[in-house]
Amino acid sequence: RILICLIVKLKITMLQLEYIAENFDKAVAGLKKRGLLNGEDILQEVLSTNNNRKKIQQELDETKAQSNLLAKEIGSLFKSGKQEEANQLKTKTTSLKEESKSLADQLQSVNVDLQNLLYAIPNIPNESVPSGKSEVDNQEIKQFKRKYSTFDFYVKNGEKLEMVIE
């Protein structure tokens, strides 16, 4: 139980890609409200990095699918006794596996870059939060005053009470 609570408290919250893509103008306005003047450039970089990630992921999926099809075809060629054609396809699958590994490394690198970009962006404030750089810019909505009770007798301080108790 304790471990689960610690993990929840250590969870890092950040802007999500979906929110940035769907609410780009709101995200830029929120970052400007936080004092980040180049927020639009940062968010554009996040979106372009995400598009690059999607493109690499698609290429990787296509390469793996092609490799799987060739593997099935190689099996059927070996069964039918066409070993020369099967060996030619084997060399092709070897090059596809190398390409797949290269794409997987690129994808890993782009994922790390994307996470670092997202971690660097501060959360945006609620729309109701006023713009400002310090507490002077805050708007006071309601003020609570503490009412002290008045007694019709003399209240002793702590030292006098201690003497009375002893």
Side-chain angles (χ1 to χ4, degrees), residues 1-78 85-146:
R1 277 187 155 170
I2 295 171
L3 181 63
I4 293 171
C5 294
L6 290 175
I7 291 172
V8 170
K9 289 194 177 212
L10 293 176
K11 183 180 177 187
I12 299 174
T13 59
M14 62 183 173
L15 281 178
Q16 300 296 311
L17 283 169
E18 295 82 20
Y19 181 83
I20 294 171
E22 294 171 4
N23 305 299
F24 186 80
D25 294 332
K26 283 184 182 181
V28 170
L31 291 177
K32 283 183 181 175
K33 194 182 281 191
R34 290 283 306 252
L36 210 67
L37 299 177
N38 64 341
E40 186 172 357
D41 297 334
I42 294 170
L43 293 180
Q44 285 290 355
E45 186 178 355
V46 166
L47 291 177
S48 69
T49 305
N50 187 45
N51 288 337
N52 188 25
R53 179 194 63 81
K54 287 179 181 179
K55 186 183 90 178
I56 293 171
Q57 181 68 55
Q58 185 178 8
E59 288 177 24
L60 178 63
D61 292 344
E62 289 171 359
T63 304
K64 285 183 176 181
Q66 191 176 8
S67 179
N68 288 341
L69 285 175
L70 287 177
K72 288 180 183 178
E73 193 174 330
I74 289 170
S76 65
L77 286 174
F78 271 126
E85 291 178 33
N87 288 331
Q88 289 175 353
L89 289 180
K90 270 187 169 183
T91 58
K92 195 171 185 180
T93 57
T94 306
S95 66
L96 283 174
K97 285 182 183 182
E98 290 172 4
E99 183 181 344
S100 176
K101 185 178 180 199
S102 171
L103 287 171
D105 292 342
Q106 286 179 12
L107 183 65
Q108 171 109 18
S109 174
V110 169
N111 278 332
V112 168
D113 292 344
L114 184 61
Q115 285 298 318
N116 290 336
L117 283 171
L118 288 171
Y119 285 150
I121 300 172
N123 284 335
I124 59 174
N126 191 315
E127 293 173 358
S128 65
V129 175
S131 297
K133 294 187 178 189
S134 68
E135 63 185 41
V136 176
D137 299 321
N138 290 340
Q139 296 174 349
E140 188 173 301
I141 297 172
K142 190 173 185 179
Q143 190 176 44
F144 296 94
K145 290 187 178 180
R146 195 171 186 181

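Considering CG of L43 and CD1 of I20, their distance stands at 5.0 Å, rounded to 0.5 Å. Rounding to the nearest 0.5 Å places CD of Q58 at 10.5 Å from NZ of K54. Atom CG in D61 sits 10.0 Å away from atom CG in L103 (nearest 0.5 Å). With rounding to the nearest 0.5 angstrom, the CG atom of L47 is 12.5 Å from the CG atom of N52. To the nearest 0.5 Å, atoms CD (Q108) and CZ (R53) are separated by 13.0 Å. Note that CD1 of I42 and CG of L37 are 10.0 Å apart. Values are rounded to the nearest 0.5 Å.
Looking at every heavy atom in both residues, V110 comes nearest to T49 through CG1-O, 3.8 Å. Taking both residues in full, the closest heavy atoms of L36 and P122 are given as CD2-CD, 4.0 Å, listed atom of the first, atom of the second, then distance. Scanning both residues, A27 and I124, for their nearest heavy atoms gives O-CG2, 3.8 Å. A pairwise comparison of heavy atoms in L70 and L96 identifies CD1-CD1, 3.4 Å as the closest pair.
More than 12 heavy atoms of other residues, nucleotides or ligands shown are found within 6.0 angstrom of CD on Q44. Around atom NZ of K33, more than 12 heavy atoms belonging to other residues, nucleotides or ligands sit under 6.0 Å away.
The shortest distance between side-chain heavy atoms of V28 and K32 falls below 4.5 Å.
Exactly one of L117, L114, N38, N50 qualifies for a side chain to side chain contact (heavy atoms under 4.5 Å, CB included) with E45. That residue is L117.
Between the side chain of S67 and the backbone N or O of K64 there is no donor-acceptor pair closer than 3.5 Å. Side-chain atoms of R34 do not come within 3.5 Å of backbone N or O of P125 as any donor-acceptor pair.
A salt bridge (charged side-chain N to carboxylate O under 4.0 Å, His left out) check over residues 97-121, counting only residues at least two apart or in different chains, returns nothing.
Residues satisfying the salt bridge (Lys or Arg N to Asp or Glu O under 4.0 Å) test with K26, not counting sequence neighbours, are E127.
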